[in-house]
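Data block below; observations after.
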Amino acid sequence: MRIENELKLGFKDVMIRPKRSTLKSRSQVSLERNFNFVNSKKQWSGVPIIAANMDTVGTFEMAIALSKDKIITAVHKHYTLEEWTAFLANQPYSIYDYIALSTGIGIGDEEKIQQIVNAHPKINFLCIDVANGYSEHFVDFVKKMRGFFPDKTIIAGNVVTGEMVEELILAGADVIKVGIGPGSVCTTRIKTGVGYPQLSAIIECADAAHGLGGHIISDGGCKIPGDIAKAFGGGADFVMLGGMFAGHDESGGEIVEENGKKYRLFYGMSSQTAMDKHSGGIAEYRASEGKTVKVSYKGAVAETVKDILGGVRSTCTYVGAAQLRELSKRTTFIRVSEQENQIFGG
């Protein structure tokens, strides 16, 4: 047993210090980024926000809506080949830049992903997703997928430490998903005691990834647009959102009504609800590490997107970043003990 005494930080522990700016308006800020991926050798351009690969977020309907703003959707892994074929048959060619095909590493996942990619070779992004990215089996799976698909951009995770980021990039991944336990419907930290404050995880993992030409996704922990800005300021190349994209027309999830108010169910992919739906229940050797909540119905996701992008643009104007890629260079975090005045509620 050993103890690391250095304090680790989450989004609630800091604010971004303002700096002089020559920008006259938020409209002068560009949120698009251009990336060259280290292993696939592919290029990508767009707004580096990703809808999470949860079946109450990462739906085909969400992908259609978000692609209009050049935002990626990591489509959940429970669609069949036939459903993928029907979806892609009516979409413009540009949709392939803004969708990722998700997979686990279980029995049948490898065969299914090969079938879908072989049927639709224009799919560019593969998202290999497990709760615990520290297993040798996971690393081996990433290596195998790189061998099968040398020209696909591989997203892999989740991890929270630099050495594992480096190992996954060297194994063939291009973009590493960073986050263990910060998600709004994740109970990993409660059930296991394992985790890492998200902002410190971003800073440390970005440093490791960028040293090898790789990239990272901050996955989890964002409750408000300011958190997204802090993730980018800390060095995240992409930010993945679950709860902030839940509850919309496009989100998926059962609609329930209570006292005349509409809600949509939102649940973690390791929750009892997800396990019952997709795996025939929770296996005897494991515990549920997710919860199910009711999210107030929010209507079309377009309004939420406008709010998020507007917030991040505003951050950029406060620090003088004309382009999103400049934000991390212009960011100075200050440690704080409070964030906002809540006298009239959240």
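When side chains are defined from C-beta on, Val178 does not count as touching Asp219, because their heavy atoms never get closer than 4.5 Å. The shortest side-chain heavy-atom distance between Leu9 and Arg335 falls under the 4.5 Å cut-off. Contact annotation: the side chain of Phe35 never approaches that of Thr153 to less than 4.5 Å [non-hydrogen atoms, C-beta and beyond]. When side chains are defined from C-beta on, Cys205 counts as touching Val165, because their heavy atoms get closer than 4.5 Å.
Within a 6.0 Å sphere centred on OH of Tyr318, other residues, nucleotides and ligands contribute 12 heavy atoms or fewer. The environment of Arg33 atom CZ is dense: over 12 non-hydrogen atoms of other residues, nucleotides or ligands sit within 6.0 angstrom. Summarising the local packing, NZ of Lys8 is surrounded by more than 12 heavy atoms from other residues, nucleotides or ligands at distances under 6.0 Å. Residue Ile107 places its CD1 atom among 12 or fewer non-hydrogen atoms of other residues, nucleotides or ligands, all under 6.0 Å distant. For Lys306, the NZ atom is loosely surrounded, since the number of other residues' heavy atoms within 6.0 Å does not exceed 12.
When only modelled atom types and interatomic distance are considered, Asp151 and Ser40 share no side-chain donor-acceptor pair under 3.5 Å.
Checked for salt-bridge contact, Lys70 and Glu32 meet the test: a charged N lies under 4.0 Å from a carboxylate O. One finds no salt bridge joining Lys298 and Glu303 here, because no Lys/Arg side-chain nitrogen approaches an Asp/Glu carboxylate oxygen to under 4.0 Å. A salt bridge links Asp174 with Arg146; the closest basic N to acidic carboxylate O contact falls under 4.0 Å.
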Query - Tyr297 vs Tyr263, ring pair (Phe, Tyr, Trp, His ring centres under 6.0 Å): CA-CA, chis, key distance, verdict - result: CA-CA 5 Å; Tyr297 170 68; Tyr263 301 86; 10.0 Å; no
Query - From CA spacing to verdict: side chain to side chain donor-acceptor pair (under 3.5 Å), His120, Thr85 - result: CA-CA 8 Å; His120 304 286; Thr85 300; 2.9 Å; yes
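The distance between the ring centers of Phe238 and His215 does not fall below 6.0 angstrom.
For the pairing with Ser218, the side chain to side chain contact (heavy atoms under 4.5 Å, CB included) check across Met240, Lys177, Gln198, Lys230 returns one residue only, Gln198.
Under the ring pair (Phe, Tyr, Trp, His ring centres under 6.0 Å) criterion, Tyr134 pairs with no residue at all, not counting sequence neighbours.
Pairs engaging residues 154-210 under the ring-ring contact (aromatic ring centres under 6.0 Å, His included) rule: none recorded [sequence neighbours left out].
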